[in-house]
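Please read all numbers here as calculations on a predicted model, not as lab measurements.
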Amino acid sequence: FFFFFCCCTHSPLQRSYQRRPTRASSTVLEWFSALQGPLMLALCRVATVASTSARALVTLWTAAAAPATTRGCVSRVSSVGSWLPHNNRRLARRSHFTMTDTTATLEALREQLVANDLEAYIVPSEDAHMSEYIADCDARREFVSGFTGSAGTAVVTRQEAKLWTDGRYYLQAEQQLDNNWGLMRSGLPDVPSIEAWLCRTIPAATRVGVDPTTITSSRFQQISQTLEKNGQALVAVEMNLVDGIWHSRPARPSEPVLLLDQKFAGKPVSEKLASLRAELSSGGHAVIVVSALDEVAWLFNLRGNDIVYNPVFFSYAVVTADSAILFTDASRLSPEATAALTADSVVVQSYNDFFPHLRNFAASLDAEAGTVWIGSQASKAIASVFASGQTSTATSAVCHAKAVKNETELQGMRNAHVRDAVALCQYFEWLEQRVVGQAETLPEMSDTEVTVADQLEKFRCAQQDFVSLSFATISSIGPNGAVIHYHPMAESCAKLRTDTLYLCDSGAQFRDGTTDVTRTVHLGTPTAHQRECFTRVLKGHIALSRAVFPSGVTGQALDSFARMHLWQAGLDYQHGTGHGVGSFLNVHEGPIGISFRPGSGLHALKAGMIVTNEPGYYEDGEFGIRIENVVEVVNVETKHNFGGKGYLGFENVTLFPLQAKLIDFGLLDADEVAWVDRYHATVREKVGAELRAQGKAGTADWLDINTKPLSEMCA
């Protein structure tokens, strides 16, 4: 049968998806929602008709287990017609790893450098809210370099152009950057930082520019201090130089903003504001400035559609002991949202009024009133409004509060993952049937990476409370799986094959939760090497899942749990092991993570947080393997309680089977086999019940077969 596709890198989902599902505009949906909802639901259900017998196909999943185009489904609108369709604004612009000639663009940008007396210009990936995934209008780094990954920084001097990116994107950047660019592989030995490279590349007594809205205050200061030691200067350039040459720059989105029902949010805005104000008081803060889009959305129980796959909207917020101001255009708020904000005494002002308001507030702020809490991710532009020493850059209280889910959010995440697993079961059963039906043409199938991803979306959008994907599906066969954030395009993607591995990393936004799951499967007979690699990844996944650790431990301390069995064979992977996940919010959520990188050592894991467990292994030109589950941080009862601090562990939220034929049972110990059997028993119980409740008995039978104890599968 098939694979369990788990991708540990979007981050995260990744955000700059190459393909967009075709979606009617929100206006059209408002006109025709009464017809489209039932019609598209019926079409989705027609597309998911099960095969005659899952048992006849079971060998595709369990055999060899012994040792040795456009998205076709329109997002379903709720019964009250309140949720938006997928955003397809970037569909036409994205393509799979095409190389762009940047010669003319760089010439124009260098003219701007000369005009502004700059020797170099830094172009970060982020927008004014430090978003990982951005709207088209903020894709400046992509415009100048042609690189479409979600993480990276471009630096253009009068003679050279360099792009820094991390291990998730090395292969992609190699394929997308033209000869005008040099790739700087961040994290590898002997690769200098941006500031170190600038110090040794540009002349002394010269200036480097950056748009202060696109860089954090702390990062600006870090670069500035290094350059100053070398006689150079980092300067804030108020007018973005890329905008000045980007004549076809898209307009900023302004999609409708909707109220998230209390049954999904779990906590009213009044309670969130009261808790926030208590922290302001105890910390000696006069005000908090909230600039991250997901923090604003969470604080006011609102959701939007300005950034594809991320239900957020362009906004800021300023909260004091006796006032709360939301900066967004009032005309985009639904009547329900407007009424709710008014009831909670939240004042709405224009998005463009934010900086003028901040400057007026700074001018009138009493020095004895307390500090201005701007958070660690505030832009240099925000920090510059206030006097030195007047701001606090500690991680935002909203960020911390959002990361610890309330019980309603936690239960919603669990429920959403069960429904998501129903769609995954339908998909892998369908995929198995496709292999059987094309036996005469194998190993190459007629299905492509894109067409199968489209089918998965159709299954998902038939599920209750589905809103959109949470990132573009990473559907990758063979060597494409080694490109960690691979995005297939209809005109260039590969056909599926039964002689190599298939990696599928996918997820969805439901009104009650966000999903992100990766499974790797083999559609034929895996090699011994592939099985060994998969099993070592699985052993790391199990080790992290079983970890018990004291309160106060960070994700950086846990990262090696997932890598140790790979390390024993001299293998590794170049991405983090886990990222936080929002509740019907961003699929990559701070401040926590599980990674070797220093940032994952700044914030401790706490009960109620949601994070992914996604180790992997990738062989360039051959295949990729990743196993990803969303897990909940939970309290664990231990025999002792040293220091009285309490102990934590993980509980799986993702529920979908692992492909048995990829497991080398000789590498698993008895405890690991027992873990897989317990996990599969839970999947069978919870997802099987939902399948039968939805009238999908045939798929439930398929699930029963593929969650049998490993001892039976290898008999």
Side-chain angles (χ1 to χ4, degrees), residues 128-130 213 217 254 257-260 262 265-304 312-379 381-387 389-402:
H129 304 271
M130 300 303 126
T213 69
S217 175
S254 186
V257 176
L258 308 172
L259 180 69
L260 184 64
Q262 187 66 31
K267 185 180 289 188
V269 172
S270 58
E271 186 176 337
K272 293 179 179 181
L273 287 173
S275 297
L276 179 57
R277 284 166 173 150
E279 291 211 39
L280 290 178
S281 177
S282 63
H285 306 296
V287 60
I288 184 169
V289 177
V290 186
S291 56
L293 300 183
D294 61 332
E295 292 179 22
V296 176
W298 179 86
L299 181 62
F300 296 114
N301 290 343
L302 300 172
R303 297 295 187 269
V312 297
F313 56 101
F314 285 105
S315 56
Y316 294 96
V318 174
V319 179
T320 69
D322 54 12
S323 68
I325 305 175
L326 170 64
F327 292 89
T328 196
D329 296 329
S331 61
R332 63 199 305 214
L333 297 171
S334 70
E336 295 81 5
T338 299
L341 291 170
T342 300
D344 289 314
S345 301
V346 178
V347 176
V348 179
Q349 293 188 19
S350 169
Y351 180 80
N352 293 329
D353 288 342
F354 170 70
F355 276 102
H357 173 89
L358 218 55
R359 286 189 284 269
N360 290 337
F361 183 89
S364 61
L365 183 63
D366 187 337
E368 303 300 321
T371 59
V372 178
W373 196 350
I374 62 174
S376 59
Q377 295 301 301
S379 69
I382 291 176
S384 296
V385 172
F386 301 96
Q390 199 172 25
T391 59
S392 169
T393 56
T395 301
S396 166
V398 181
C399 181
H400 280 296
K402 175 171 55 63

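With rounding to the nearest 0.5 Å, the separation of CZ in R332 from OG in S315 is 7.5 Å. The line from NE2 of H285 to CG of L276 is 10.0 Å long, rounded to the nearest 0.5 Å. Taken from CD1 in I382 to CD1 in I374, the straight-line distance is 7.0 Å, to the nearest 0.5 Å. Between the CE atom in M130 and the OG1 atom in T213 there is a gap of 6.5 Å [rounded to 0.5 Å]. The CG atom of L293 lies 8.0 Å from the OH atom of Y316; values are rounded to the nearest 0.5 Å. Within the model, atoms OG of S364 and CZ of R359 stand 13.5 Å from one another, a figure rounded to the nearest 0.5 Å.
Pairing each heavy atom of A128 with each of S379, the nearest pair is O-CB, 4.3 Å. Taking every heavy atom of both residues into account, V385 and A381 meet most closely at CG2-O, 3.5 Å. Counting all heavy atoms, side chain and backbone alike, A286 lies closest to A369 at CB-O, 3.6 Å. The minimum heavy-atom distance linking A397 with E279 is given by the pair CB-OE1, 3.6 Å. Pairing each heavy atom of A378 with each of S291, the nearest pair is CA-OG, 4.1 Å. When all heavy atoms are compared, the tightest approach of F313 to T328 is CD1-OG1, 3.8 Å.
With F327 as the fixed residue, the side-chain contact (heavy atoms from CB on, under 4.5 Å) test singles out one of V290, V348, V296, V318: V318.
Considering only heavy atoms from C-beta on, L326 comes within 4.5 Å of L341 through its side chain. Proximity of H400 to T395: side-chain heavy atoms (C-beta onward) are separated by under 4.5 Å at one or more points. Using a 4.5 Å cut-off on side-chain heavy atoms (C-beta onward), Q262 and N301 make contact. Using a 4.5 Å cut-off on side-chain heavy atoms (C-beta onward), L273 and L299 make contact. Looking only at side-chain heavy atoms (C-beta outward), V287 and W373 stay at 4.5 Å or farther from each other. In this structure the side chain of L260 never reaches within 4.5 angstrom of the side chain of W298, judged on heavy atoms. Inter-residue side-chain proximity for F386 and T371 is flagged as unmet; no heavy-atom pair is nearer than 4.5 Å. F300 is not listed as a side-chain neighbour of K272, based on a closest heavy-atom distance of 4.5 Å or more.
Looking only at distances, no side-chain donor or acceptor of R303 sits under 3.5 Å from a matching main-chain atom of V257. Side-chain N or O atoms of D329 include none that pairs as donor or acceptor with a backbone N or O of Q349 at under 3.5 Å. Between the D344 side chain and the V346 main chain, no donor and acceptor come within less than 3.5 Å of each other.
Applying the salt bridge (Lys or Arg N to Asp or Glu O under 4.0 Å) test to every pair with at least one member in residues 282-296, sequence neighbours left out, gives these pairs: D294-K402.
Looking only at atom types and distance, the side chain of D322 has a donor-acceptor partner in the side chain of T320 under 3.5 Å away.
H129 and Y351 have tilted rings, their planes meeting at an angle from 30° to 60° on a 0 to 90° scale.
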